[in-house]
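Only a predicted model underlies this, so the values are computations on that prediction, with no experimental measurement involved. These values consider heavy atoms only, across backbone and side chains, with no hydrogens, waters or symmetry-generated copies.
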Amino acid sequence: MERGDDARGVLLSPHGCYLVDVEAGRLVGYGGVRAVARAADADIQTIAIAEASRGRGRGRALLRALLQTARDRGAREVFLEVRADNPTAAALYASEGFVEIARRPRYYQPDDVDAIVMRLDLVAWTAARADGAVPASEPEVCT
């Protein structure tokens, strides 16, 4: 199977949701979540923001939209891996309520960088949003 075939399958899967962030007609970010309907958990697959667009809340908005999708599909917790050498991303996830639950040594190759495995209690995250603790402005979510 060619890499393009694999990517096409991921994008066409009913279990995935991929969002893009476009500014002035240019792609500046994207994110994806795998959330099987009525499953107890979901996985953030990827979030990326162009370097020139970082620091303006775009990553947080994408993350929140993906979490909303997972919640809408019935997930109660969400998992992700983040590179141990990416403290900015890890801090974003922690600020939304993710906690480190494990490490995967030398997970990212060929750089031999550890993966930090993080978990979010989506029920608690949703309750915090209902209490007004988190602003509600974010991109459209997948159905």
Side-chain angles (χ1 to χ4, degrees), residues 3-4 6-143:
R3 183 171 171 80
D6 186 40
R8 188 175 304 108
V10 168
L11 291 173
L12 294 175
S13 169
H15 308 304
C17 169
Y18 287 82
L19 302 174
V20 295
D21 184 355
V22 177
E23 180 178 55
R26 300 196 69 194
L27 177 68
V28 297
Y30 60 88
V33 63
R34 185 172 195 285
V36 177
R38 295 174 303 283
D41 60 73
D43 295 289
I44 299 294
Q45 300 290 295
T46 187
I47 294 179
I49 302 294
E51 190 171 343
S53 297
R54 293 180 188 158
R56 296 188 289 164
R58 293 177 177 280
R60 184 177 307 277
L62 277 171
L63 175 61
R64 289 178 179 172
L66 296 171
L67 293 174
Q68 182 67 42
T69 296
R71 187 187 74 97
D72 291 348
R73 292 183 180 183
R76 299 180 58 77
E77 57 188 359
V78 178
F79 296 89
L80 60 78
E81 290 95 17
V82 62
R83 290 175 63 107
D85 64 355
N86 190 346
T88 302
L92 167 64
Y93 302 139
S95 74
E96 286 293 325
F98 280 87
V99 294
E100 180 177 337
I101 60 169
R103 289 209 176 215
R104 294 189 174 137
R106 302 172 51 193
Y107 181 81
Y108 292 101
Q109 294 297 320
D111 304 323
D112 284 336
V113 175
D114 292 355
I116 301 170
V117 181
M118 302 182 88
R119 176 190 169 276
L120 174 73
D121 178 336
L122 199 50
V123 175
W125 181 83
T126 301
R129 292 176 60 78
D131 291 342
V134 181
S137 62
E138 60 245 352
E140 196 172 308
V141 297
C142 298
T143 57

request  = For atom CZ of R83, decide whether the heavy atoms of other residues, nucleotides or ligands shown that lie under 6.0 angstrom number more than 12.
outcome  = yes

request  = Assess the side chains of S95 and R60: does a donor N or O sit below 3.5 Å from an acceptor N or O?
outcome  = yes

inquiry  = Is it the case that over 12 heavy atoms from other parts of the model lie below 6.0 angstrom from the CZ atom of R106?
reply    = no

ask   = Going through the checks in order, is the side-chain contact (heavy atoms from CB on, under 4.5 Å) test met by Y93 and E100?
value = CA-CA 10 Å; Y93 302 139; E100 180 177 337; over 6 Å; no

Residue pair F79 / R34, side-chain heavy-atom distance below 4.5 Å = no

message = So for atom OH, which belongs to Y30, do other residues, nucleotides or ligands contribute more than 12 heavy atoms lying within a distance under 6.0 Å?
response = no

message = If you count heavy atoms of other groups shown closer than 6.0 angstrom to CD of Q109, is the number above 12?
response = yes

Contact check, side chains of D21 and L19, non-hydrogen atoms, under 4.5 Å = no

message = If I take atom CG from residue L67 and atom CG from residue L63, how far apart are they, to the nearest 0.5 angstrom?
response = 4.5 Å

remark   = Nearest heavy-atom contact between A70 and V33 is CB-CG2, 4.5 Å

message = To check you understand the geometry: which heavy-atom pair defines the closest contact between T126 and R71, and what is its length?
response = OG1-CD, 2.8 Å

request  = Please test I47 against L66 for side-chain contact (heavy atoms from CB on, under 4.5 Å), starting from the C-alpha separation and ending with a verdict.
outcome  = CA-CA 10 Å; I47 294 179; L66 296 171; 4.0 Å; yes

key: Residue pair A89 / V82: nearest heavy atoms and the distance that separates them   = CB-CG2, 3.7 Å

key: Step-by-step side-chain contact (heavy atoms from CB on, under 4.5 Å) determination, R103 to I116   = CA-CA 5 Å; R103 289 209 176 215; I116 301 170; 3.7 Å; yes

Any donor-acceptor pair under 3.5 Å from D43 side chain to Q45 backbone = no

query = Is there a side-chain contact between L62 and I49 (heavy atoms, below 4.5 Å)?
reply = yes

message = Could you work out, with side chain to side chain contact (heavy atoms under 4.5 Å, CB included) as the rule, every residue matching A115, not counting sequence neighbours?
response = E81, R104, Y107, Y108

remark   = Value for CZ (F98) from CZ (R119), rounded to nearest 0.5 Å, stands at 10.0 Å

task = Give the minimum heavy-atom separation between E23 and S53, together with the two atoms involved.
result = OE1-OG, 4.2 Å

Considering all heavy atoms, the nearest C17-R73 contact = CB-NH2, 4.2 Å

request  = Look up atom CE in M118 and atom CD1 in I101, then write down how far apart they are to the nearest 0.5 Å.
outcome  = 9.5 Å

ask   = For Y18 and T46, what are the C-alpha separation, side-chain angles and deciding distance, and is it a side-chain contact (heavy atoms from CB on, under 4.5 Å)?
value = CA-CA 9 Å; Y18 287 82; T46 187; 4.1 Å; yes

